[in-house]
Structure formats: C-alpha cells, structure tokens
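Each remark here refers to the structure printed beneath this line.
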2 protein chains.
Amino acid sequence: MTDTDTQIPDDLPQRVRTITDLAKIAGVSAGTVSRALSGNSLVNTKTRQKIEAIAREHGFRPNQMASKLRRQKTGAVGVAIPLGHDERQQISDAFFMTLLGHLADQLTEKGYDIMLRRVIPSQDEDWLDRFIGSGMIDGVIVVGQSDQFERIEDVADGYLPMVVWGNHQEGQRHCVVGTDNRLGGKLAAEKLIASGCKSLAFLGDTQPIEFAARFAGAKDVAEKMGVSIRALPTHLSRDQTGEEIAEHLLEIEGKIDGIFAATDTIAVSCLKELRDRGIDVPAQLKIVGFDDLPISSQTIPPLTTVRQDIAAGARGLVDLLLRRLAGEDTESLVLPPQLIVRGST
Amino acid sequence: MTDTDTQIPDDLPQRVRTITDLAKIAGVSAGTVSRALSGNSLVNTKTRQKIEAIAREHGFRPNQMASKLRRQKTGAVGVAIPLGHDERQQISDAFFMTLLGHLADQLTEKGYDIMLRRVIPSQDEDWLDRFIGSGMIDGVIVVGQSDQFERIEDVADGYLPMVVWGNHQEGQRHCVVGTDNRLGGKLAAEKLIASGCKSLAFLGDTQPIEFAARFAGAKDVAEKMGVSIRALPTHLSRDQTGEEIAEHLLEIEGKIDGIFAATDTIAVSCLKELRDRGIDVPAQLKIVGFDDLPISSQTIPPLTTVRQDIAAGARGLVDLLLRRLAGEDTESLVLPPQLIVRGST
DNA sequence: CGCATAATTGCAATCGTTTGCAACTTTATC
DNA sequence: GATAAAGTTGCAAACGATTGCAATTATGCG
C-alpha cells in the first residue's frame with residue numbers, strides 16, 4: 001500500500017505504467033490487453049477498442065524491454081563501424097556517413113531500429129562477439145572490413161544474420177555487399193590511358209583490401225598497356241592528407257601525368273593542392289577519383305570518378321540481412337562500378 | 001528432463017546461454033554468478049575468478065534485455081532526426097551526418113550505445129513520445145528542431161533527459177545546444193558589407209527557425225547600414241537546389257553583389273552555378289556560407305563562411321544529456337559562431 | 001573452545017510482457 | 001432445446017538477470 005493509495009481514494013487517473021494497470025482499469029486481464037494492443041490476435045472488437053481508447057488516453061506504451069525479453073527478438077539491427085587502419089579516421093568520414101544515412105533510411109522503412117556502434121578493434125579484441133552477444137540486436141551490418149577480415153570470417157561461421165560492406169574475395173565465408181573494386185580500378189586506369197596518360201600514380205593507402213583491389217585493377221590495365229604505375233600512400237583523415245599529397249606532388253612533378261585517387265576525398269584534396277601550385281587539370285595532369293561523393297560534381301573542374309552506388313549498396317545490405325534474419329543463407333552481392341566522366345580527365 | 005539430458009550423460013560442453021547454466025557448472029547459485037560478473041559486489045575472489053574463467057571459456061554474455069528490464073535502465077541514448085520541412089532531405093545531409101559522427105564518437109566514449117531513429121513528423125504525430133516511451137533508451141538527443149518546436153516544448157515539461165540541437169528562443173523550456181544563428185547572420189552580413197557589397201540576398205528557406213534567425217541577424221545589420229537585403233527561398237535537398245539557384249541567379253543578375261547562403265551546401269552549389277555562368281567570385285559577386293563543412297575549404301575559391309563548431313556542439317549535447325540523466329536541470333548552451341574568411345569575399 | 005562478528009552465498013521475489021492452454025460464452029445447426 | 005463449433009477471455013508459466021534478506025560459513029578474540 002503506497003502513499004498514493006492511502007491519500008487518493010479511488011479512480012484518480014493514476015499513471016498507467018504497465019499493461020496490468022491498464023487491464024485493471026479496463027476490467028480485463030493483462031493477457032487480453034497484450035493481445036488487444038498487439039493488434040492481430042483474437043480479441044473481441046469492442047474490447048479491443050475500449051482498451052485502445054484507454055491506452056491512448058493515458059499515453060500508454062508497452063515496455064519494450066520486457067516485450068523483447070519475452071519474444072526473444074529486439075527489432076533492432078546493429079551497425080558496426082570498425083575503425084581499424086586509421087584510428088584518426090573518425091566515423092564522420094564522408095563515405096561511411098553517406099552509406100550510414102542510406103542504411104538508416106532503409107532500415108527505418110522496414111521497421112527496424114538502428115543501434116550504432118563505433119569500434120576500435122585494436123582496443124577491443126572482442127568487439128564483434130560482444131555486439132552480437134549483447135542481446136540488443138537481431139542482426140548486424142558491419143560497415144567496412146578494415147583489417148578485421150579474419151575476425152569477421154570466424155564469426156560468420158556461427159552467426160547467420162550478418163552482412164558486411166566491403167570487398168569480395170574468392171571463397172570467403174561471410175556475406176558481403178560491395179563494389180567490384182578491381183573492375184573500378186580497371187575503369188579508372190583505362191580512362192586515364194585513353195585520355196593520353198603515359199605515367200600513372202595511385203594516390204592512397206594500399207593496405208585496406210578495398211584499396212588494394214582498386215590498385216590491383218589499375219595495375220593490370222597499366223601493365224597490359226605498357227604504362228607505368230606507382231602507389232603513393234596517403235592517410236584518410238583529412239588533416240593529414242593535404243600535407244602528404246603536397247609532398248607527393250613535389251616528388252612526382254613532371255614525372256606523372258595521371259593520378260588515380262583511392263577516394264574522392266583524396267582526389268578533392270589533390271585538386272586543391274594542384275591548383276595552389278598552378279598545375280592545370282586536366283591539361284597538365286589528369287585525375288580520376290573513386291566513390292562519386294556529392295562533392296565531386298561540385299569541384300572545379302568537376303571530378304571524373306568511379307561511382308559506387310551507395311544507395312543500391314544500402315538497399316542490398318538491408319535486403320540480404322532481412323533474408324538472413326529469415327533463415328536464408330544468402331550469397332554475396334557485388335555491385336558494378338560506373339565510370340562518371342567529368343572534367344578532370 | 002530434456003532429450004539432451006537423456007542422451008548426453010554428463011559434463012559435455014553444452015552451450016551456456018543463461019547465468020543459471022553457468023551457475024550450474026560452477027556449482028554456485030545464479031545470484032552469485034550475477035554478482036561475480038557485475039564485478040563490484042561482495043563475492044569471494046576465488047569464486048569470482050572461477051566464474052570468470054568459465055564465462056570466458058564458454059564465451060558467455062549476460063542477456064542485456066533481461067538485465068535492462070530488471071535494472072530499469074538501458075545504457076542507450078536515442079538520437080532522433082526529425083525531417084520536418086523537407087521530406088526529401090534525407091538523413092544523409094552533410095551537416096547532420098557530421099554532427100551525428102561526432103555524437104557517435106562522444107557517446108561511445110562515455111559508454112553509451114546509440115539508438116538512431118529517423119523521423120518524419122508529418123507521418124507520425126507521436127514520434128517523440130513513442131521514442132521516449134519505448135523503454136529502449138535512457139535519454140534522447142533530438143537533432144534539429146525542424147518544425148517541431150512546440151511538440152518538443154510539450155515533452156520537455158515532463159521529461160528531463162532530453163537535449164536538442166537547434167536554435168535558442170527567449171524563454172523556451174527545452175534544453176538546447178546550438179550556434180547563435182542570429183549573431184552568425186550578423187557576422188556574415190558585416191563581412192559582405194565590409195567587402196563593399198551594396199545589395200545583398202539571403203539564399204535559403206526562411207521557415208526553419210535556425211535559418212530565420214540567420215536571416216534576421218543579417219537583416220539587422222543590413223538595415224542599420226542602409227544596404228538592401230532580400231530572401232530567395234531554396235530547398236535543402238541537393239538535386240532541387242541547383243535549378244532553384246539557377247533561376248534565382250537569372251533573376252538577380254546584376255542587381256545583387258553579395259550572397260549570404262543559409263548553408264555551405266547551398267553556397268557550394270551556388271559557386272558552381274556562378275562559375276558555369278562565367279560570373280567571377282569574388283570580383284563580381286561575393287558569397288558567405290554557413291557551417292564550415294569540410295568541403296568548404298576545398299572549393300574554388302575557398303568559401304568564406306560562418307563556422308559552427310560541430311565537435312563542440314556534440315560535446316555539449318552529450319555533456320548536458322549526461323548531467324540531465326543524473327537529475328540536474330541544465331541550462332541551454334549557445335555556442336559562438338566564428339567567421340572564417342577565405343576567398344569568396 | 002565458545003561466541004560475536006564479518007564475509008559469502010543461496011533463496012526467492014521482481015522487472016513487464018507474451019502466449020499455450022483451459023475455461024467460459026456465444027452462435028450455429030439440427 | 002441440445003450439442004457442437006467457434007469466438008473470447010483468464011490463468012499462470014515463461015523470458016533471464018538482479019538484489020534484499022536470510023542463512024551459512026569463516027574469522028577474530030578472549
């Protein structure tokens with residue numbers, strides 16, 4: 001017997017917190033309320049309406065935690081962003097953010113909530129198991145393999161509802177959605193060579209497997225066509241990029257006439273540096289980027305780039321995840337890149 | 001007696017799913033396991049170590065849902081992004097994404113998970129109550145007031161742990177973190193006028209209260225200095241923006257010598273359109289943006305803009321929310337904007 | 001050794017919802 | 001009007017972890 005009961009005699013609109021409170025008011029059992037509110041069950045229409053009315057009136061919402069515990073499902077999907085290679089690369093990276101935005105749009109549409117987790121694998125060995133085992137999510141989307149390929153493979157064997165954004169390797173065990181990076185690299189190099197370049201450079205880190213594949217694709221073409229190509233490593237975080245590119249440019253000035261940038265972000269910085277040095281693009285040097293970020297059409301000159309269809313990627317990730325949640329063991333999805341020719345080549 | 005019990009005699013490594021399973025193996029009670037795993041309680045060191053060892057060995061993780069139900073707290077913070085004015089404005093908007101990135105960094109650091117929810121208020125009257133009442137989150141950060149000012153005010157009266165990104169109005173009841181938009185508008189107009197502009201335009205929708213405040217600030221200055229200023233409405237979603245700006249430019253050609261864009265995104269599109277028309281910036285027309293997005297330093301010419309310190313904003317949001325979670329009724333935080341002078345003025 | 005006190009541990013209730021089953025009402029059918 | 005079938009509802013046992021309280025064991029001290 002609480003204070004409230006003692007002081008307030010009867011039917012004052014006490015706060016309706018639980019389904020049982022509501023049941024008491026409606027004069028039915030908790031089970032019936034539960035069924036009425038969940039909509040689909042067998043409960044008399046009049047009863048249902050009465051219960052719904054009371055619920056609305058008191059602004060009642062069933063406790064999700066209890067519901068999820070009982071039903072053993074959460075209605076939430078985890079989105080993990082491992083920041084492996086470059087700890088200074090914040091989650092605020094343009095490409096990831098765009099993908100995340102589309103994921104959010106997609107998942108919301110399908111009625112799932114999104115549990116976002118930023119992960120630094122080097123500080124937490126166990127990140128993926130923890131996330132999955134947390135009991136907070138029904139499935140997980142991993143955005144970017146980073147340097148965690150093996151760990152992801154390990155988990156994939158015992159956990160179906162996981163889809164990963166990244167690069168597809170022959171014979172891998174986890175389900176991945178991503179662009180055909182190698183083909184993308186090919187397209188980029190072909191374009192540069194077709195535009196008359198004789199000596200290429202790949203601007204970007206070649207460690208992450210996506211980038212490695214882009215470089216490999218370009219290299220294939222270059223070698224076949226008898227054109228030289230070299231890799232110039234760069235970090236991803238924006239503040240470092242500028243200087244690094246500047247150094248590279250000094251070094252290669254005059255020796256290189258075509259640049260394939262690992263990402264548009266790098267390409268844009270590069271355009272900037274070139275302009276500051278008075279080097280004309282595309283007359284003196286041609287550039288192809290990768291991603292086709294929204295910025296890329298706004299640069300001067302507009303950037304020729306290899307487009308990744310991020311929206312389609314997000315749709316694919318969500319679609320495959322939902323099918324896996326339903327128990328299907330889906331194949332990976334490799335999306336074709338598309339060369340967007342603008343002014344920088 | 002289950003099948004498993006009958007078929008498998010003894011100590012086969014059956015899957016340890018619950019704290020009770022683990023307790024059985026360790027030969028103690030569930031309560032003890034719970035205490036051991038939660039670390040801080042009074043449990044014999046040796047017992048604790050044994051339990052921890054078994055837990056590790058079986059990769060056991062306590063079910064969060066059950067824990068959260070019992071403890072009545074979730075360890076997750078909701079981040080809601082209401083898309084009011086412009087349904088076509090996706091969550092993928094650059095400014096929101098950047099803020100979200102910083103929020104994710106901050107909250108992760110403080111040990112909170114992030115429940116992301118994209119909301120279209122016109123389709124769901126009740127979005128905020130639902131989110132709060134879902135029992136999934138301990139508190140909520142609302143990113144952008146959109147046209148939901150009143151609804152947010154209503155909720156604020158009865159729900160402490162909520163912080164909102166947006167504009168501060170005299171006497172408002174909800175706790176807000178945001179830039180002083182009016183002052184920002186002032187700075188922008190002052191700069192344009194100081195650079196010699198005689199006739200200004202504000203490029204952007206003036207409905208959202210943040211933008212309205214920016215325009216108001218600019219107007220104050222313009223009127224005081226005897227300079228004309230007019231508003232040219234634009235949408236936010238990128239695809240529409242281009243055409244709209246083009247139309248405006250046609251209309252104002254020659255009559256205007258300074259543009260204050262409501263956001264950098266608009267300013268960047270505008271730069272592009274101007275260039276396509278052969279109008280020189282800053283010689284013929286000067287532009288100031290708002291936000292200082294990463295792109296803005298990369299445009300040609302680099303954009304003069306009013307900087308919002310997004311990282312500081314995110315820190316503020318998280319800090320205030322944590323204090324509110326602890327029961328404190330915090331004041332709003334208004335951040336000073338900073339004029340960044342680059343090449344477009 | 002006996003008793004008081006402290007340190008551990010077990011017990012059982014609890015968090016709020018869902019759901020199989022049984023019980024009870026209607027309605028339909030002959 | 002009796003009987004079967006269908007439609008509704010209530011009951012109570014889960015879901016899995018936490019925690020106040022009681023019970024047990026270990027330790028200290030005279």
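Note that the structure is a prediction, hence the values are computed from the model and not measured. Below, read A as the first sequence line, B as the second, and so on, with proteins coming before strands; counting in each chain starts at 1.
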How close or far is atom [atom2] of [N] from atom [atom1] of [X], stated in whole angstroms?
X: A/R70; N: C/dT18; atom1: CZ; atom2: C1'; value: 5 Å
X: B/M65; N: C/dT14; atom1: CE; atom2: P; value: 24 Å
X: B/F60; N: D/dG16; atom1: CZ; atom2: P; value: 10 Å
X: A/M136; N: D/dC15; atom1: CE; atom2: P; value: 20 Å
X: B/R71; N: D/dA17; atom1: CZ; atom2: P; value: 13 Å

Under 3.5 Å, is there a donor-acceptor pair between the B/Q148 and B/W127 side chains?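 Result is yes, a qualifying pair exists.
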
Taking atom types as modelled, is there a side-chain donor on A/T330 or A/R323 under 3.5 Å from an acceptor on the other?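 A/T330 vs A/R323: no donor-acceptor pair found between side chains.
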
OP1 or OP2 of [N] versus the side-chain N and O atoms of [X]: is any pair under 4.0 Å?
X: B/Q64; N: D/dG16; answer: no
X: B/Q72; N: C/dT14; answer: no
X: A/T32; N: D/dG10; answer: yes
X: A/S67; N: C/dT18; answer: yes
X: B/T18; N: D/dG16; answer: no
X: B/T47; N: C/dT9; answer: yes

Looking for any heavy atom pair under 4.0 Å, which part of the strands does A/V28 touch: base, sugar-phosphate only, or nothing?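 A/V28: backbone/sugar contact only, no base atoms under 4.0 Å.
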
Considering only heavy atoms and no angle criterion, is a donor-acceptor pair shorter than 3.5 Å present between the side chain of B/R35 and the base of C/dG10?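 Indeed there is one.
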
A/L69 has a side chain; which of D/dT9, D/dG16, D/dA13 sits nearest to it?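 Per side-chain heavy atoms of A/L69, the pick is D/dG16.
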
So if I apply the salt bridge (charged side-chain N to carboxylate O under 4.0 Å, His left out) rule between B/R173 and each of B/E153, B/E331, B/E150, which one comes out positive?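 For B/R173, the salt bridge (charged side-chain N to carboxylate O under 4.0 Å, His left out) test succeeds with only one of B/E153, B/E331, B/E150, which is B/E153.
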
Salt bridge or not for A/R61 and B/D129, using N-O below 4.0 Å?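 Judged by the 4.0 Å cut-off on N to carboxylate O distance, A/R61 and B/D129 do not form a salt bridge.
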
If you round to the nearest 0.5 Å, how far is CG of A/N63 from CZ of A/R70?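 One finds 14.5 Å between CZ of A/R70 and CG of A/N63.
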
